[in-house]
Number of protein chains: 2
Amino acid sequence: MLSKRQLLILQVIIDEFIQTAQPIGSRAISKKDEVTFSPATIRNEMADLEEMGFIEKTHSSSGRVPSEKGYRFYVDHLLSPFHLSKTEMHVISNTFEEEMLEFEQVVQKSAKILSELTNYTSIILGPKVYETTLKQLEIIQLSPHLAVAILVTNTGHVEHRSFSIPTEIEPSDLEKLVNMLNERLKNVPIIHLHDRLKKELTVLMHKYMNDFDLAYQYLKAALFDEQPVQLYVSGITNILLQPEFKDVSKIHSLYSAMEQEDAMADMLRSYKNGIHVSIGQENIMDEMQDCSLITANYSLGNQQLGTIALLGPTRMEYARVISLLHALSNRMSHTFHSWF
Amino acid sequence: MLSKRQLLILQVIIDEFIQTAQPIGSRAISKKDEVTFSPATIRNEMADLEEMGFIEKTHSSSGRVPSEKGYRFYVDHLLSPFHLSKTEMHVISNTFEEEMLEFEQVVQKSAKILSELTNYTSIILGPKVYETTLKQLEIIQLSPHLAVAILVTNTGHVEHRSFSIPTEIEPSDLEKLVNMLNERLKNVPIIHLHDRLKKELTVLMHKYMNDFDLAYQYLKAALFDEQPVQLYVSGITNILLQPEFKDVSKIHSLYSAMEQEDAMADMLRSYKNGIHVSIGQENIMDEMQDCSLITANYSLGNQQLGTIALLGPTRMEYARVISLLHALSNRMSHTFHSWF
DNA sequence: ATTTAGCACTCGGACGATAAGAGTGCTAAC
DNA sequence: GTTAGCACTCTTATCGTCCGAGTGCTAAAT
């Protein structure tokens, strides 16, 4: 167990290191107002803290630097509640007071705010559409053999996909098909759409259309194949400003990782229910071992829609970032809620 | 005027420097098979080439490095026609043999091919929709006060935008409006859509709708306000592999510039008709003064749709990149042509 | 029994000297 | 006109030295 004095010293070391990125020595600690004891005492305590693994030396006679275990302890036990500044609250409020009517717009702006306020990199996983319901289906023929299928959800989300019309299918059939599907599939949750589509088609199509299987295959492809993940990244260049990334090879490996959108999306999806902090090696992705990732979720009612995250060095302003993510995810959820 | 020998030496210097990124000395040049004269002779010629500004020293006793003027001359006069390797042609062919039905898909894959084959960063300006014509307009009501407007062009391009329905407008009016607009605006070029919309509305709306101005304002906003530019960037991390970018501050300024999507798009738009090479200071954007940008256009018939570009260090494989851009822009144009 | 002052010790970073190597320009010979 | 030879220049790497920041330990002070 850590003594009160050790807690204080650990806190000072981490707070200070987060600001300066420089190893902290006993003398510097003793100069802090809240610290009343001498450098020698502090050195003794630091030796203990090091033995327990909370802090490290960069070389045998250097000041101390927080270890990952130290950050973990700091995040779990030492975070003082952080109050956002007036400016920060204003930036958020002003942005959300503009009229926004689309998910994408809200998400994009949120990413921007986050990266601008923190100088870290923000990553937001766009809302998944699978909990929404079908509002309307359209198939618009562009040329004899080309058509575009459009799917609109109750949330105003629009997906579209071009597909080639098999020669066996008549344009008039196509129209009939769409009308029937709209009648029968309206308000069906998108997540059930695939099954329902198959079912409805089985029951109905034989009499109207020559080639059921083909129509099904094409519609299925048009509507359900590999919807691209939506990842909104803002402020990637902020990483370059951090002194821990003065090494180009580190930048390269991190940026390469971020180019893998699918892996990133999977990772973000895995963080559910509230705020998560992954420090250094705790991160799932190897390339992020020098970083911390803080995530929060935004939702519509009880349904979690997506994840917002901030990526920075392990030496991160945890308190402020957590408050910001909290405020912003609430604000996003609130906005979405107000639409329905 | 440059002598034959000077041309040869200049060519060897640039070719070699493009490979190695190291200053080239007289001895290295003399070892090349095509060079038959001694280092001393070469040194004399190099002194002349330097005086004329085609090459430079990095310090008083270093080998020579091409100047921007040197690269310019090289690109204008010394480029030997470059034949793409079998592998390169295969990569392109294989990609384009997959069924692709949407502009976006073609453009995205092209960007990927380019960056992968060259190890530079590819930037593609998505096709502008303004030369296409309206295929269909849809307005789908989501809730009493919210609707989404969808615009489909003859090329299968889909734009959509949510908007709030002014309380003065009845849902039935909305439907009438869409029907009428579809009747009257079908096949109108998108570029004229705005004017035509205004005209048609002026003539027709008064009798059907209470509030013409309001409807017009909303529709206009829904359909024409700030369509986001579409910029497809691939292989940004490739830049990090270039030895000229071992300095983080250079990376930062370049990446920051690339985050300005609007400025980038404007720049790319300004290159029309064939292949353009901007070397170092010739670049419009200050942040690209250490880079070269090579652009080509892709088209549909006679209509140029967009620009594909490669960004790399001034020490770029110009011949190969130009051939690749040529091949790829043709291939893209061809694919688009085959759709219509 | 803590806490602190004092002190020897360690290590990194900055500085300077030195040596090696690559490359040049110039001169004189071919 | 071309080339060999050579003195000179500049970069880079390596090594020794010095300084300062910071530590750990011991002994004195509280």
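In what follows, every chain begins at residue 1, and chains take the letters A, B, ... in the order their sequences are listed. Keep in mind that what you see is a predicted model, and the values were worked out from it rather than measured.
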Only pairs under 3.5 Å count here: list side-chain donor-acceptor contacts from residues 237-249 of chain B, not counting sequence neighbours, and write none if there are none.
unit_1	atom_1	unit_2	atom_2	d
B/Thr237	OG1	A/Glu259	OE1	3.4
B/Asn238	ND2	B/Ser115	O	3.2
B/Asn238	ND2	B/Tyr120	O	2.8
B/Gln242	OE1	B/Arg315	NH2	2.9
B/Glu244	OE1	B/Arg315	NE	3.1
B/Glu244	OE2	B/Arg315	NE	3.2
B/Glu244	OE2	B/Arg315	NH2	2.8
B/Asp247	OD1	B/Ser249	N	3.1
B/Asp247	OD1	B/Ser249	OG	3.2
B/Asp247	OD2	B/Ser249	OG	3.2

By side-chain contact (heavy atoms from CB on, under 4.5 Å), B/Ser3 pairs with (sequence neighbours left out) B/Arg5, B/Gln6, B/Glu45

State whether B/Thr41 places a side-chain N or O below 4.0 Å from either non-bridging phosphate oxygen (OP1 or OP2) of D/dT3.
yes

Distances under 3.5 Å between nitrogen or oxygen atoms of protein and nucleotides 26-30 of chain D:
none

Hey, could you give me the OG1/CD1 distance between A/Thr295 and A/Ile124, rounded to the nearest 0.5 Å?
12.0 Å

Provide the start and end nucleotides, 5' to 3', of the part of DNA chain C that has atoms under 4.0 Å from heavy atoms of chain A.
C/dT3 to C/dG12

Whole angstroms only, please: what is the CD1-C1' distance between A/Ile29 and D/dG22?
11 Å

Both A/Gly63 and B/Ser38 contact DNA chain D. Taking the nearest nucleotide for each, which residue is further toward the 5' end?
B/Ser38

What is the distance from NZ of A/Lys57 to P of D/dA21, rounded to the nearest Å?
18 Å

Could you tell me if the ring centre of A/Tyr71 sits under 6.0 Å from that of A/Phe54?
no

Return the CG to CG distance between B/Leu254 and B/Asp290, rounded to the nearest 0.5 Å.
8.5 Å

Hydrogens and angles aside, do A/Ser122 and A/Tyr232 bring a side-chain donor and acceptor to less than 3.5 Å of each other?
no

With sequence neighbours left out, which residue pairs that include part of residues 46-57 of chain A fulfil the side-chain hydrogen bond (donor to acceptor under 3.5 Å, both in side chains) condition?
A/Glu50-A/Arg64

Nearest-Å distance for atom pair CD/C1', residues B/Gln6 and D/dG1
14 Å

How far does NZ of A/Lys250 sit from CD of A/Gln289, to the nearest 0.5 angstrom?
11.0 Å

Return the 5'-most residue of the pair B/Thr36, A/Pro23 with respect to DNA chain D, ranking by each residue's nearest nucleotide.
B/Thr36

Pairs under 3.5 Å (N/O, protein and nucleotides 8-15 of chain D):
unit_1	atom_1	unit_2	atom_2	d
D/dT9	O3'	B/Ser60	OG	2.9
D/dT9	O2	B/Ser61	OG	2.6
D/dC10	OP1	B/Ser60	OG	3.3
D/dC10	O5'	B/Ser60	OG	3.2
D/dC10	O4'	B/Ser61	OG	3.4
D/dC10	O3'	B/His59	ND1	3.3

Working to the nearest 0.5 Å, report the span between CD1 of B/Ile24 and CD of B/Gln19.
10.0 Å

Between P on D/dT2 and CD1 on B/Ile42, what's the gap in Å once rounded to a whole number?
12 Å

Side chains of A/Ser38 and A/Thr41: is there a donor and an acceptor less than 3.5 Å apart?
yes

Between A/Ile308 and A/Ile123, is there a side-chain heavy-atom distance shorter than 4.5 Å?
no

